[in-house]
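Reading through the structure tokens given below for one structure.
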Amino acid sequence: MAVTPVTPLLDRVRFPADLRNFSTEQLKQLAEELRAETISAVSVTGGHLGASLGVVELTVAIHAVFDTPNDRLIWDVGHQAYPHKILTGRRDRIRTLRQGGGLSGFTKRSESEYDPFGAAHSSTSISAGLGMAVARDLKGETRHVIAVIGDGAMSAGMAYEAMNNAGAMKARLIVILNDNDMSIAPPTGAMSAYLSKLISSRPFISFREGMARLARRFPGPIERMARRADEYTRGLLTGGTLFEELGFYYVGPIDGHELDHLLPVLRNVRDAEDVHPILVHVVTQKGKGYAPAEESADKYHGVQKFNVITGEQQKGPPGPPPYTRVFANALIAEAEADPRIVAVTAAMPSGTGLDLFGKRFPKRCFDVGIAEQHAVTFAAGMATEGLKPFVAIYSTFLQRAYDQVVHDVVLQKLPVRLAMDRAGLVGADGATHAGAYDIAYLGCLPDIVLMAAGDEAELMHMVATAAAYDEGPIAFRYPRGGGVGVPLPARGSPLEIGRGRVVREGSRIAILNYGARLAECRAAAEDLAARGLSTTIADMRFAKPLDTALVERLAREHEVVLTIEEGALCGFGALVLQHLAGRGMLDRGLRIRTLTLPDRLIDHDTPRRQYDTAGLNAPHIVAAALSALGREVAAEPARA
């Protein structure tokens with residue numbers, strides 16, 4: 001049930017400049033209206049609600065104090081930027097969030113000049129902001145650069161690399177640490193607010209810098225002692241010693257929901273000319289101001305459409321279990337039988353299903369935070385000691401650990417198991433979360449086994465295969481969403497490495513499927529059969545090692561060969577082509593087509609429409625086969 005809020009002040013705001021004549025009391029009212037509008041919009045679209053509600057006051061304060069978009073504002077990850085979008089000229093489209101043709105659920109440069117840096121993966125904001133600050137200085141321009149980063153994103157090493165660099169450069173950069181879970185140092189009411197306002201004020205900064213200049217006149221050891229005394233005294237007062245050590249001037253912690261505290265501190269930070277970089281530590285609450293979100297265990301991190309009054313989320317129609325849960329249950333079954341099996345996730349226990357594994361085996365499940373590189377090498381270390389680590393990471397996030405996969409796993413031929421969730425297109429999360437590239441970026445590596453599940457039962461068998469395989473690294477991919485409804489065994493059975501299966505025998509057209517387009521291949525074969533074209537379907541299961549005997553047989557015995565995969569160019573189809581070319585089997589008139597994701601990004605939409613755009617649904621498979629035979633057929637229009 002959608003509720004239309006009454007928003008008289010928000011109705012007066014078209015762009016952030018409209019805020020800058022508002023009083024503090026008006027800004028407080030505006031924040032309440034903005035929160036109500038955010039809740040109303042997300043109830044219609046679904047999306048990341050809790051994080052956005054947590055930054056409402058912070059969003060209002062930043063836009064009221066700074067001159068955006070001339071001042072650059074970067075939201076780390078970007079999933080908390082719904083209030084920001086409402087205030088920056090996109091309110092009239094806010095109820096198109098994550099819908100086909102609508103607003104992105106993350107910041108996006110092509111969407112607005114108020115989004116100077118696109119995001120959806122975490123921990124990039126400080127690096128990007130530092131780059132913008134350096135560019136500003138080299139060009140002789142004048143503007144502030146503000147990066148807002150959450151405490152969860154601060155678990156990634158990239159954030160500290162950027163802070164170390166910024167501190168060493170003494171860059172004019174403002175970092176706002178949005179502490180909404182870790183509570184590095186909780187605010188302590190009026191005294192905390194007073195101290196934060198004091199130490200961010202120009203008189204205090206000028207006094208501190210003057211004392212520093214005076215100390216530099218002393219002999220080296222005394223100067224260093226004075227500097228340390230200053231840093232640690234402020235650290236004891238504020239809890240910011242770590243950030244001071246990295247070269248940042250620390251301010252905080254302050255209550256991120258109290259505009260009486262936020263506004264003066266941000267104005268002081270804006271006007272500070274003598275000290276940089278600066279870190280402002282703001283403590284907020286996910287889901288703030290909406291009781292169902294505040295009371296939820298995950299603070300309504302990601303929600304379906306919901307009833308604003310009750311908070312009840314819409315449930316999809318009943319159907320087969322999602323692949324993620326099938327993976328989790330299959331891994332639990334293997335771990336019941338083998339105490340050497342352990343599981344690793346990078347801050348995504350519920351997203352990967354490892355929360356279920358962790359409940360069953362709490363001492364054998366490891367959430368390492370947003371640290372994919374560490375996750376892979378951590379698993380490699382466990383593999384050297386005889387454990388059987390499964391690293392469950394979204395395909396799109398495994399990209400962040402590519403060097404570790406190559407150097408720490410493949411080069412040492414360690415039996416690390418990579419479980420890649422969200423393979424293929426992912427619907428409303430769009431291009432940033434699409435698992436498009438893993439077939440290509442892993443397929444070029446030697447001595448790695450690559451599998452893709454054609455259905456949920458196959459996924460169970462692949463989990464069992466990975467558990468049983470100790471000769472080196474092995475990876476398997478599976479999509480987001482529900483399975484196709486095939487019967488599931490109590491436990492998977494190991495597959496023969498490098499051996500595909502024929503699921504339908506024909507004589508004229510051969511479809512070589514790799515991954516979860518198997519149901520579409522079956523539908524395409526039925527259509528082709530109705531046209532008098534006998535069709536074979538091979539579920540190849542393995543991209544490496546490729547079932548070369550099966551590929552060669554199908555190429556010899558069929559007039560047309562199609563390869564189907566939910567991945568980018570240079571993947572499974574390329575491996576098939578390379579093998580056939582090497583064997584001279586393309587020299588005798590074989591008609592072959594490789595159906596992959598197109599060489600362009602596909603925006604958020606329903607998965608069905610995304611795959612229509614990609615040309616990977618059954619009508620497109622039929623059209624490719626007929627085209628290879630010299631016939632033409634129009635593909636069906638996109639469906640919801």
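Any value given below was found using the heavy atoms of this structure, including those in side chains, with hydrogens, waters and symmetry copies removed.
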Show the numbers, then the answer: is there a salt bridge (Lys or Arg N to Asp or Glu O under 4.0 Å) between Arg531 and Asp527? CA-CA 7 Å; Arg531 300 169 190 266; Asp527 188 329; 2.6 Å; yes
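Taking the ring pair (Phe, Tyr, Trp, His ring centres under 6.0 Å) definition, one finds that Phe366 meets it with Phe378, sequence neighbours left out. Remark: Glu458 engages Arg501, Arg541 in a salt bridge (charged side-chain N to carboxylate O under 4.0 Å, His left out) (not counting sequence neighbours). Not counting sequence neighbours, the partners of Arg360 by the side-chain contact (heavy atoms from CB on, under 4.5 Å) test are Ile332, Glu336. For Arg553, the side-chain contact (heavy atoms from CB on, under 4.5 Å) partners are Val502, Glu505, Leu550, Arg556, Glu557, not counting sequence neighbours. For Leu575, the side-chain contact (heavy atoms from CB on, under 4.5 Å) partners are Ala543, Lys544, not counting sequence neighbours. In this structure, Phe390 has no ring pair (Phe, Tyr, Trp, His ring centres under 6.0 Å) partners at least two apart in sequence or on a different chain. Ala625 pairs by the side-chain contact (heavy atoms from CB on, under 4.5 Å) definition with Ile509, Leu528, Leu562, not counting sequence neighbours. Contacts of Asp470 classified as salt bridge (charged side-chain N to carboxylate O under 4.0 Å, His left out), with partners at least two apart in sequence or in another chain: Lys388, Arg417.
Listed by first and then second residue, the side-chain hydrogen bond (donor to acceptor under 3.5 Å, both in side chains) pairs involving residues 366-380 are Glu372-Arg400, Thr377-Asp408 (not counting sequence neighbours). The list of ring pair (Phe, Tyr, Trp, His ring centres under 6.0 Å) pairs with a residue in residues 423-457, not counting sequence neighbours, reads Phe106-His433, Phe397-His433, Tyr402-Tyr441. Sequence neighbours left out, the pairs with a member in residues 550-608 that pass ring pair (Phe, Tyr, Trp, His ring centres under 6.0 Å) are Tyr514-Phe572. Among residues at least two apart or in separate chains, side-chain hydrogen bond (donor to acceptor under 3.5 Å, both in side chains) pairs with a member in residues 322-334 are Thr324-Asp421, Thr324-Arg422, Glu334-Arg491.
With no hydrogens or angles considered, a side-chain donor-acceptor pair links Ser125 and Asp76 at under 3.5 Å.
A parallel orientation is assigned to the rings of Tyr478 and Phe476, their planes being inclined by less than 30° (bins at 30° and 60°).
Although no hydrogens or angles enter the test, the distance criterion places no donor-acceptor pair under 3.5 Å between the side chain of Glu456 and the main chain of Pro322.
Environment of CD in Glu471: crowded, with over 12 heavy atoms of neighbouring residues, nucleotides or ligands closer than 6.0 Å.
A salt bridge does not link Arg522 to Asp455: none of the charged side-chain nitrogens sits closer than 4.0 Å to a carboxylate oxygen.
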